[in-house]
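First up is the structure itself, then whatever we jot down about it.
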Amino acid sequence: MNAHSQRSANTLRLPIRAAGAIGIALVVNLALSWITLRLGLVASTEFFRYPAVVVWTIIGMGGATLVYGTLTRRSATPDRTFVRIAAVVLVLSFAPDIGLGLTVDAVTASEAIGLMVLHVPPAVVSVLALPTTPLGR
């Protein structure tokens, strides 16, 4: 199989990998949310709610899938590039939660930190499941 046909085959399998990755990220984030809420680890829950966790996890994983799909068509090293982009996006994704904690009186530090923690599983799942070589190796 030449490089072009291998790339095409990987692109065709991307929706399957993405669906699995979204499912895993959702299960992990919902489990973390349930544990966090059950144990009272967040002092407020204005933004820490199951529907929001589901929606934002799907949006984040969908975005990761689109970025990876684009890289497979435009980059000579899509796996390695995707992992680097995912790392930067993960760090940048903390900014809105920090902003919530700093600007919205009802949001406690524990809630902002809890929300930031929920960004990590989808990032890890995306760099393991979406690239054809996990972690871009």
Side-chain angles (χ1 to χ4, degrees):
M1 187 180 292
N2 66 31
H4 178 68
S5 60
Q6 183 177 7
R7 188 173 283 182
S8 295
N10 289 333
T11 301
L12 292 174
R13 286 184 241 148
L14 181 59
I16 295 167
R17 291 195 317 270
I22 290 168
I24 292 166
L26 280 170
V27 167
V28 172
N29 269 357
L30 288 171
L32 286 173
S33 297
W34 182 82
I35 291 166
T36 299
L37 292 169
R38 182 91 169 136
L39 297 177
L41 299 176
V42 291
S44 68
T45 59
E46 182 176 346
F47 293 94
F48 205 101
R49 299 178 186 270
Y50 295 118
V53 169
V54 169
V55 168
W56 287 109
T57 299
I58 291 171
I59 289 171
M61 292 299 293
T65 301
L66 290 173
V67 167
Y68 183 72
T70 300
L71 288 172
T72 60
R73 291 184 300 280
R74 298 179 183 228
S75 173
T77 57
D79 293 354
R80 185 173 299 141
T81 304
F82 177 72
V83 171
R84 289 179 179 152
I85 290 171
V88 170
V89 170
L90 174 61
V91 172
L92 293 175
S93 76
F94 296 149
D97 298 324
I98 292 168
L100 277 175
L102 294 174
T103 61
V104 178
D105 290 336
V107 176
T108 62
S110 64
E111 186 178 20
I113 291 168
L115 291 169
M116 289 189 303
V117 167
L118 292 179
H119 295 221
V120 177
V124 171
V125 170
S126 70
V127 298
L128 291 174
L130 296 178
T132 54
T133 55
L135 297 175
R137 292 183 180 183

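One is the number of the first residue; the rest follow in order along the sequence. For clarity, every value in this text was computed on a predicted model and none was experimentally measured.
The minimum heavy-atom distance linking Phe94 with His119 is given by the pair CE2-CB, 4.0 Å. Scanning both residues, Pro122 and Ala25, for their nearest heavy atoms gives CA-CB, 4.0 Å. Looking at every heavy atom in both residues, Ser33 comes nearest to Val53 through OG-CG2, 3.5 Å. Across Ala106 and Ser44, no two heavy atoms sit closer than the pair O-OG, 3.0 Å. Nearest heavy-atom pair, Ser93 versus Leu90, reported as atom, atom and distance to 0.1 Å: OG-O, 2.6 Å. Contact between Glu111 and Glu46 at its shortest, heavy atoms only, is OE2-N, 3.1 Å.
By the 4.5 Å heavy-atom criterion applied to side chains, Met116 and Ile98 are counted as neighbours. The side-chain heavy atoms of Arg17 and Thr132, taken from C-beta on, include a pair separated by under 4.5 Å. Looking only at side-chain heavy atoms (C-beta outward), Leu100 and Asp97 come within less than 4.5 Å of each other. Counting only heavy atoms from C-beta outward, the side chains of Val127 and Tyr68 never approach each other to under 4.5 Å. Side-chain atoms of Ser126 and Phe82, non-hydrogen and from C-beta on, do get closer than 4.5 Å to each other.
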CA sep, side-chain torsions, deciding dist, call: Ile85, Leu71, side-chain contact (heavy atoms from CB on, under 4.5 Å) = CA-CA 10 Å; Ile85 290 171; Leu71 288 172; 3.9 Å; yes

key: Working for side-chain contact (heavy atoms from CB on, under 4.5 Å), residues Phe47 and Val104   = CA-CA 11 Å; Phe47 293 94; Val104 178; 4.3 Å; yes

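Residue Leu130 holds its CG atom at 5.5 Å from CE of Met61, rounded to the nearest 0.5 Å. Expressed to the nearest 0.5 Å, how far CG of Asn29 lies from OG1 of Thr36 amounts to 9.5 Å. Atom OH of Tyr50 and atom OG1 of Thr45 lie 10.5 Å apart (nearest 0.5 Å). The CG atom of Leu37 lies 10.5 Å from the CG atom of Leu30; values are rounded to the nearest 0.5 Å.
Judged by distance alone, with hydrogens and angles left aside, the side-chain atoms of Thr57 form no donor-acceptor pair with the main-chain N or O of Leu26 at under 3.5 Å.
Hydrophobic clustering keeps Ile24 apart from Val55 (ILVMFWY residues linked when any side-chain heavy atoms are closer than 4.5 Å, directly or through intermediates). Ile22 and Ile59 are assigned to two separate hydrophobic clusters, defined by single-linkage of ILVMFWY side chains at heavy-atom distances under 4.5 Å. Linking Ile, Leu, Val, Met, Phe, Trp and Tyr residues whenever their side-chain heavy atoms come within less than 4.5 Å places Leu102 and Val117 in a single cluster. Under the 4.5 Å side-chain heavy-atom criterion for Ile, Leu, Val, Met, Phe, Trp and Tyr, Val89 and Trp56 are members of distinct hydrophobic clusters. Hydrophobic clustering of Ile, Leu, Val, Met, Phe, Trp and Tyr side chains at less than 4.5 Å, counting indirect connections, unites Leu41 with Leu118.
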